[in-house]
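Shown next, in structure tokens, is the structure this report addresses.
Everything quoted here is computed from the prediction, not taken from an experiment.
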Amino acid sequence: MVLDDFYTVMESKLLEGQLLTVKVKIHEEHTVFNGHFPNFPVVPGVAMLQIIKNILEKHLQQTLFLKSSSSIKFLSLVNPHKENILFFGIHYTMENEVINVKTSTSFKDGRAVLKCNTTFVKNNPTKR
């Protein structure tokens with residue numbers, strides 16, 4: 001898994017069949033923060049997208065490939081030394097090999113962190 005030991009899933013629930021709610025703790029001492037950024041750690045946006053992918057892969061028990069993304073809005077910086085708990089709401093629909101995802105991420109007080117739409121496909125190396 002990319003970003004080993006970067007975060008821990010503290011709680012995960014499946015609601016309404018295709019809505020995952022997941023509470024994640026970011027490990028504030030992870031080495032990624034040595035370069036992003038020294039003395040002002042910020043969770044990289046790509047790391048949040050990777051968390052979404054990892055959560056879906058585990059839930060669906062399927063390796064996924066990020067096909068496209070749109071409307072990616074990073075609404076708040078995440079300094080893990082100040083706020084390291086994030087709540088992901090991941091709503092997905094599946095049609096054959098395609099998984100369309102709408103995600104909202106927030107702090108525990110409800111302040112928005114990330115909103116995005118992504119499309120994943122089931123990773124089948126023989127079909128590429």
Side-chain angles (χ1 to χ4, degrees):
M1 174 179 11
V2 176
L3 294 176
D4 287 338
D5 301 323
F6 182 70
Y7 68 96
T8 299
V9 172
M10 300 175 69
E11 185 178 307
S12 181
K13 295 178 187 173
L14 177 62
L15 307 173
E16 304 170 21
Q18 293 178 315
L19 173 62
L20 291 169
T21 59
V22 183
K23 180 179 178 181
V24 169
K25 178 181 180 184
I26 304 295
H27 299 159
E28 63 269 14
E29 300 305 322
H30 193 275
T31 57
V32 75
F33 299 116
N34 293 341
H36 203 271
F37 296 98
N39 301 317
F40 187 76
V42 176
V43 173
V46 70
M48 286 194 276
L49 294 173
Q50 183 68 45
I51 291 170
I52 294 164
K53 179 179 178 281
N54 292 351
I55 289 168
L56 274 172
E57 286 180 330
K58 183 173 181 179
H59 173 70
L60 298 172
Q61 298 181 347
Q62 175 72 49
T63 303
L64 301 175
F65 176 77
L66 177 63
K67 180 179 178 183
S68 65
S69 48
S70 63
S71 302
I72 299 176
K73 297 178 184 177
F74 295 101
L75 303 166
S76 299
L77 292 176
V78 179
N79 178 335
H81 293 292
K82 293 183 179 181
E83 297 178 284
N84 67 340
I85 304 294
L86 297 175
F87 294 84
F88 289 81
I90 302 170
H91 183 268
Y92 67 95
T93 57
M94 295 185 352
E95 186 175 323
N96 300 321
E97 301 289 310
V98 177
I99 301 144
N100 292 305
V101 180
K102 290 184 183 214
T103 303
S104 61
T105 306
S106 62
F107 293 115
K108 61 184 166 187
D109 65 4
R111 282 179 296 129
V113 173
L114 165 67
K115 291 187 180 196
C116 68
N117 298 326
T118 51
T119 300
F120 294 95
V121 292
K122 293 180 181 180
N123 193 1
N124 186 343
T126 61
K127 288 191 175 184
R128 281 196 185 167

*Is there a chain of hydrophobic side chains (I, L, V, M, F, W, Y, each step under 4.5 Å between heavy atoms) that links I72 to L64?*
yes

*Report yes if the side chains of L49 and S69 come closer than 4.5 Å at any heavy-atom pair, otherwise no.*
no

*Do any pairs count as a salt bridge (Lys or Arg N to Asp or Glu O under 4.0 Å) and have a residue in residues 13-33, sequence neighbours left out, and if so which ones?*
E11-K13

*Can you name the side-chain hydrogen bond (donor to acceptor under 3.5 Å, both in side chains) partners of D5, sequence neighbours left out?*
none

*Give every residue pair that meets the ring pair (Phe, Tyr, Trp, His ring centres under 6.0 Å) criterion with at least one member in residues 30-51, sequence neighbours excluded.*
F6-H30, F6-F33

*Under the side-chain hydrogen bond (donor to acceptor under 3.5 Å, both in side chains) rule, collect the residues that match up with D109, sequence neighbours excluded.*
R111

*When Ile, Leu, Val, Met, Phe, Trp and Tyr are grouped by side-chain heavy atoms lying under 4.5 Å apart, directly or through other members, which residues fall in the same group as L75?*
none

_According to salt bridge (Lys or Arg N to Asp or Glu O under 4.0 Å), does anything in residues 57-78 pair up with another residue at least two apart or in another chain? List the pairs._
K53-E57

*Taking all non-hydrogen atoms of both residues, which atom of A47 and which atom of V43 are closest, and how far apart?*
CB-CG1, 4.4 Å

_In the structure I gave you, are the side-chain heavy atoms of I26 and I51 within less than 4.5 Å of one another anywhere?_
yes

*Check side-chain hydrogen bond (donor to acceptor under 3.5 Å, both in side chains) between H27 and all other residues, then give those that pass, not counting sequence neighbours.*
T8

*Linking Ile, Leu, Val, Met, Phe, Trp and Tyr by side-chain heavy atoms under 4.5 Å, what else ends up with V46?*
none

*Report the residues that fulfil ring pair (Phe, Tyr, Trp, His ring centres under 6.0 Å) with F88, sequence neighbours left out, ordered by chain and then residue number.*
none

*Do you know the tightest heavy-atom contact between L60 and M94?*
CD2-SD, 3.8 Å

*Evaluate the side-chain proximity of I99 to Q62: yes if any heavy-atom separation is below 4.5 Å, no if none is.*
no

_Value rounded to 0.5 Å, distance of CG in L14 from CD1 in I90_ = 11.0 Å

_Residues clustered with L15, ILVMFWY side-chain links under 4.5 angstrom_ = L19

_From CG (L66) to CD1 (I52), nearest 0.5 Å_ = 9.5 Å

*Taking N96 for its side chain and V98 for its backbone only, find out whether a donor-acceptor pair lies under 3.5 Å.*
no

*Indicate yes or no: at least one non-hydrogen side-chain atom of L86 is less than 4.5 angstrom from one of Y7.*
no

*Set of ring pair (Phe, Tyr, Trp, His ring centres under 6.0 Å) partners for H59, sequence neighbours left out*: Y92

*Member of V22, T103, L20 meeting the side-chain contact (heavy atoms from CB on, under 4.5 Å) criterion with L56*: L20

*Mind checking whether V42 and F74 sit in one hydrophobic cluster, side chains of I, L, V, M, F, W, Y counted as touching below 4.5 Å?*
no

Please list, one pair per line, the donor and acceptor atoms closer than 3.5 Å that link side chains of residues 112-121 to other protein atoms, with sequence neighbours excluded.
from: T119; atom 1: OG1; to: N100; atom 2: OD1; distance (Å): 3.1

